[in-house]
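What follows is one structure encoded as structure tokens, with my remarks underneath.
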Amino acid sequence: MSIWEYANPVKFIATSDRVLPWITALAAVALCGGLIWGFFFTPDDYRQGSTVKIFYLHVPAAMMAINAWAMMLVASLVWIVRRHHVSALAAKAAAPVGVTFTLIALVTGAIWGQPMWGTWWEWDPRLTSFLILFLFYLGYMALWAAIEDPDTAADLTSVLCLVGSVFAILSRYAVNFWNQGLHQGASLSMDAEENVADVFWYPALVTIAGFVLLFVALVLVRTQTEIRKRRLHAIEMRERMGR
């Protein structure tokens, strides 16, 4: 079986209908379990106190904001190379989910940063690149809405996605590129010296899994919606042509 079979809208909808209940249930269990574990069953940090627990929202949201754009990039490249409409619609469907995660990361970052830095916002390299990524999300969605022809919209938004990927990379690695700035290094790392303590690490992994599953579930639902909207639009156009 080839993966390209799922570029068929009928096949995609049938398959996603089968897996959606399981993904949704797993997302709910992982999110509830991870957040309850992190907020109520982990100790306060010796320097940051209870404010550290916003970590369980901020870090997974920030990770998914970047990974959502990466998923959109892959889908856009598939559209450019293979011209599969499901891939273009999947990228379109992921954008509102990604921008929501980005907004959550920006807001929770400000709430977390204020008591630590003494300011709600700082033009730190990572914060600035993340804000620009947020604006690219808004521009991507606006471009889809502004162009009536769906294929033209898919072409132009795919190009925009390629350009915006620069800021997605900067958002992920800005701390490594520039030493200046208030933002701390990576909270989750393969380096034991940089990584958070195990007491925070394990519930964070469960919460991240929940965010990933939530993203997959939302994108599947929104992609189905986009496919049906496209079908409805095609039917309406045929009816107009037949009059």
Side-chain angles (χ1 to χ4, degrees), residues 1-42 53-76 78-79 84-108 133-134 137-138 140-141 144-145 157 161 168 187-188 200-233:
M1 181 181 292
S2 170
I3 190 173
W4 302 117
E5 290 183 22
Y6 296 97
N8 181 292
V10 175
K11 178 85 170 179
F12 177 86
I13 290 176
T15 303
S16 57
D17 276 341
R18 286 197 299 271
V19 301
L20 256 174
W22 296 98
I23 295 174
T24 304
L26 289 172
V29 170
L31 277 174
C32 292
L35 291 175
I36 291 171
W37 184 3
F39 280 124
F40 299 106
F41 296 98
T42 58
K53 296 188 178 183
I54 204 168
F55 160 85
Y56 297 106
L57 285 175
H58 175 71
V59 172
M63 291 178 64
M64 290 313 303
I66 298 169
N67 290 332
W69 193 274
M71 173 261 162
M72 290 163 56
L73 173 63
V74 172
S76 297
V78 171
W79 164 254
H84 287 316
H85 288 95
V86 170
S87 63
L89 295 178
K92 180 183 180 183
V97 184
V99 77
T100 302
F101 283 134
T102 309
L103 183 60
I104 292 171
L106 287 170
V107 171
T108 54
L133 178 62
F134 176 72
Y137 268 116
L138 295 180
Y140 180 92
M141 292 188 295
W144 264 108
T157 53
C161 193
S187 298
L188 301 179
F200 302 115
W201 165 263
Y202 294 122
L205 289 180
V206 175
T207 307
I208 289 169
F211 270 75
V212 172
L213 291 167
L214 176 63
F215 171 75
V216 173
L218 291 174
V219 170
L220 288 176
V221 170
R222 287 189 50 80
T223 303
Q224 287 186 344
T225 302
E226 293 295 337
I227 291 171
R228 292 183 173 113
K229 284 170 61 178
R230 189 180 179 95
R231 284 179 176 174
L232 181 60
H233 178 72

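Numbers here simply count residues along the sequence, with the first being 1.
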Under the criterion side-chain contact (heavy atoms from CB on, under 4.5 Å), I'd like the reasoning laid out for Leu232 against Arg228: C-alpha separation, chi angles, the key distance, then a yes or no.
CA-CA 6 Å; Leu232 181 60; Arg228 292 183 173 113; over 6 Å; no
Distance col, row Thr15:OG1 vs Asn8:CG, nearest 0.5 angstrom, shows 9.5 Å
Whether the side chain of Trp69 engages the backbone of Cys161 through a donor-acceptor N/O pair (distance < 3.5 Å, no angle test) should be reported. yes
Interatomic distance, CE@Met64 vs OG1@Thr100, rounded to 0.5 Å, equals 12.0 Å
Side chain proximity check, Thr42 to Pro203, heavy atoms < 4.5 angstrom: yes
Thr24 and Ala217 have their tightest heavy-atom pair at OG1-CB, 4.0 Å
One should read off an interatomic distance between Met72 CE and Ser87 OG, to the nearest 0.5 angstrom, of 12.5 Å
task = Would you confirm whether Lys53, through its side chain, and Phe40, through its main-chain N or O, come within 3.5 Å as a donor-acceptor pair?
result = no
Rounded to the nearest 0.5 Å, the CZ atom of Phe215 sits from the CG atom of Asn67 at a distance of 8.0 Å
Tightest non-hydrogen contact, residues Ala61 and Ile104, listed as CB-CG2, 3.7 Å
Please check this pair: side chain of His58 against backbone of Thr108, looking for a donor-acceptor N/O pair closer than 3.5 Å. no
Please tell me if the side chains of Leu35 and Leu57 come closer than 4.5 Å, counting only heavy atoms from C-beta onward. yes
The side chain to side chain contact (heavy atoms under 4.5 Å, CB included) partners of His85 (sequence neighbours excluded) come to Trp79, Asp151, Arg230
Interatomic distance, CG@Leu89 vs OG1@Thr225, rounded to 0.5 Å, equals 11.0 Å
Open item on the list: A side-chain contact here means heavy atoms from C-beta on lying under 4.5 Å apart; do Asp17 and Gln224 qualify?
Closed with: yes
Closest non-hydrogen atoms of Leu133 and Ala65, given as atom of the first, atom of the second and distance, are CD2-O, 4.3 Å
All heavy atoms of Ala27 vs all of Leu213, minimum pair found to be CB-CB, 3.6 Å
- Does some side-chain heavy atom of Val219 sit less than 4.5 Å from a side-chain heavy atom of Met71? yes
Rounding to 0.5 Å, atoms CG (Leu218) and CG (Leu20) come to a distance of 9.5 Å
**Message:** Ring-plane angle category for Tyr56 and Phe39, please: parallel below 30°, perpendicular beyond 60°, tilted otherwise.
**Reply:** perpendicular
In short, ring pair (Phe, Tyr, Trp, His ring centres under 6.0 Å) pairs touching residues 14-38 with sequence neighbours left out are none
Could you walk me through whether Glu226 and Val86 pass the side-chain contact (heavy atoms from CB on, under 4.5 Å) test, one step at a time? CA-CA 9 Å; Glu226 293 295 337; Val86 170; over 6 Å; no
**Heavy-atom side-chain proximity of Leu220 to Phe12 below 4.5 angstrom** = yes
